[in-house]
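Down below is the structure, laid out as structure tokens.
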Amino acid sequence: MSDTPAASTSQDFIREMIATDVADQRNDGWVITRFPPEPNGYLHLGHAKSICLNFGLSEENGPRARCHLRFDDTNPTKEEIEYVDSIMEDVKWLGFDWGDHLFYASDYFEKLYGFAVSLIKKGLAYVDDQTHEQMRATRGTLTSPGTASPYRDRSVEENLDLFARMRAGEFKEGERVLRAKIDMASPNMNMRDPAIYRILHAHHHRTGDAWCIYPMYDYAHPLSDALESITHSLCTLEFEHHRPLYEWLIANVDGLPGQPYQREFARLNLTYTLMSKRKLLKLVKEGLVNGWDDPRMPTISGIRRRGYTPEAIRSFCKIIGLTKYPSLTELGLLEHSVREDLNKHAQRVYAVLRPIKVVLTNYPEGQVEHVELVNNPENEADGKRLVPLSRELYIDADDFMETPSAGFHRLVPGGEVRLKYAFCIICQEVIKDADGNITELRCTYDDATRHGAKPVGRPKVKGTIHWVSAAHALDVEVRLYDKLFTVEQPDEQAGEEGDFTQFLNQESLQIISAKIEPSVATAKPGSHFQFERVGYFFTDPKDSQLGKPVFNRTVQLKDGFVKK
RNA sequence: UACCUCGUGGUGUAAUGGUAACACAGGAGAUUUUGAUUCUCUCGUUCAAGGUUCGAGUCCUUGCGAGGUAACCA
């Protein structure tokens with residue numbers, strides 16, 4: 001073990017385990033994983049973690065590796081085509097490709113039925129006539145063993161007959177169930193003769209009315225994995241207790257093409273949000289957010305619409321690692337990932353979110369000049385653009401303080417500030433309305449301070465602010481998004497019975513009208529921008545029109561200014 | 001008062017019996033026509049107690065703590 005050369009790139013426990021399997025030529029060195037969502041909701045960041053793991057493993061292990069997309073559609077009462085479509089879109093958007101390997105558990109219904117018959121024949125499964133309540137009562141508790149069903153020792157012939165009649169539709173829902181015969185006294189509840197088939201007179205989105213019995217997850221999953229020759233079945237920690245059942249099925253069903261094994265990792269928990277499909281569904285159903293793709297949602301479609309990039313999500317998934325410790329990741333780490341990506345690629349524009357009018361009293365009336373601005377200081381190839389400048393401008397209310405706090409070095413009465421890439425201005429007069437609200441700042445500009453000029457003997461101006469020309473600025477709708485919840489763990493805080501919606505952040509969406517430079521008139525829906533000194537914004541793909549963009553705030557810029 | 005899993009800076013992770021490190025966050029500074037970016041520095045860590053060992057975050061024992069598990073959901 002000591003002579004392995006420095007494969008010094010550190011790996012998580014899953015990758016380490018897989019590397020060992022490959023080295024040992026287990027499955028001839030193949031690595032076949034799968035991402036197996038149930039199409040009962042939209043994918044979220046927790047799924048992104050799993051997608052990056054499973055598809056990532058496929059990318060990392062060369063030609064003898066692949067990742068399947070398999071819909072775990074064994075419960076027709078909860079599943080819809082809408083979800084199937086959105087899931088495929090989300091996986092593709094993240095940049096992964098399942099190629100020809102698209103599967104549905106429902107494709108295996110006939111085979112799975114056959115496996116169940118074979119288990120009955122081996123005396124390893126039986127039809128139980130007990131009611132739901134009786135079964136629950138006889139299963140025992142966490143500290144006491146269960147007791148056998150009176151139907152547990154039915155003959156193989158009788159079981160075969162009853163199971164066939166279940167399939168034929170002779171029974172109502174709940175009347176009978178097929179159970180694996182394992183161990184009613186097992187300390188693992190999942191091994192106390194788990195139900196593997198139940199009757200559901202429901203229409204399935206793919207198989208229609210062909211079936212009225214449906215396999216349970218615990219039964220269908222390992223066998224589906226085996227049928228696809230999956231080598232490594234990776235899932236989250238809550239399935240740890242299902243592993244013995246997974247292994248029991250792989251061991252007791254004959255003729256399986258693959259011998260997969262299951263390993264578990266901790267799911268993603270993020271502060272100030274939720275990662276439970278059921279709870280996200282509640283937010284959607286009760287109209288507390290504007291759909292699954294509301295930019296405040298932790299869904300893939302939500303963060304996409306917010307302006308997150310696939311690169312940022314993939315980088316985030318890499319950085320959070322993979323362990324068995326149920327950790328709580330700070331939202332700041334996700335924001336860091338997207339800032340890092342957008343900083344390199346987003347085009348800069350000037351936008352004034354809360355406008356104050358500035359009149360340059362010594363600037364000729366009616367004159368317009370065009371100032372050259374850098375599109376992206378991180379990438380010279382992105383070039384420059386011309387932005388109009390005239391006598392009347394807007395600056396942001398945040399960039400002016402009548403009575404400045406300590407350390408504030410933007411515009412103040414009698415003070416000087418630089419209009420970025422233009423020139424310096426001095427605030428000569430503050431005009432207010434009858435209620436004392438500031439309506440206008442009357443300023444003078446200094447022609448000697450134009451961009452590039454280096455006047456000597458002049459005190460250095462500390463503040464540099466952005467601006468837009470009042471006559472040329474576009475009025476655009478800007479949606480300022482903030483965290484969805486006011487507490488780090490809305491789930492935890494609310495408790496089992498509590499209502500997590502009480503912690504919804506009432507200020508998570510603020511819609512304002514902003515003044516923005518005219519160049520964005522041609523911005524296509526789905527484009528990323530940095531509003532200089534403000535944050536990253538994304539033209540909403542649904543509501544933007546050419547010439548009339550709607551901006552979603554992806555994330556604010558970091559602000560190093562601390563008020564003292 | 002069952003079983004399973006897990007405890008490393010504030011947070012997320014690495015160290016595979018051999019100098020406890022990286023990222024984020026925080027602090028200080030430099031650069032900066034974005035209080036951004038970039039760069040430098042800095043802060044701060046092995047749940048506890050025993051044991052094995054020349055040497056333990058790592059192995060063993062016990063304790064403590066956390067998460068999970070009793071659908072005809074996945």
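Heavy atoms only: backbone and side chains are in, while hydrogens, waters and symmetry mates are out. This structure is a prediction, so every number in the text was calculated from the model and none was measured. Numbers restart at 1 for each chain; the letters A, B, ... are given by sequence-line order, proteins then strands.
Base pairing of B:rA28 is made with B:rU40, judged by Watson-Crick or G-U wobble geometry with both donor-acceptor distances under 3.5 Å. Across all strands shown, B:rA23 forms a Watson-Crick or G-U wobble pair with B:rU11, both key distances being under 3.5 Å.
Across B:rU33, B:rG12, B:rA74, the shortest atom-to-atom separation from the side chain of A:Thr329 is found for B:rG12. Which of B:rC6, B:rU13, B:rU34 sits closest to the side chain of A:Glu532 comes down to B:rU34. Side-chain proximity of A:Lys420 to B:rG68, B:rU33, B:rC24: nearest is B:rU33. Ranking B:rU11, B:rG35, B:rU34 by closeness to the A:Arg410 side chain, first place goes to B:rG35. Distance from the side chain of A:Arg139 is smallest to B:rC72 among B:rG68, B:rU11, B:rC72.
Separating the NZ atom of A:Lys462 from the P atom of B:rU31 is a distance of 13 Å, rounded to the nearest angstrom. Atom CZ in A:Arg179 sits roughly 11 Å away from atom P in B:rA71 (whole-Å rounding).
With a 6.0 Å cutoff to the six-membered ring centre and a 45° limit on the axis angle, A:Arg450 does not count as a cation-pi contact of A:Phe423. A cation-pi arrangement, defined by a distance under 6.0 Å to the six-membered ring centre and an angle within 45 degrees of its axis, is absent between A:Arg179 and A:Tyr126.
You'll find the ring centres of A:Phe529 and A:Phe537 outside the 6.0 Å limit.
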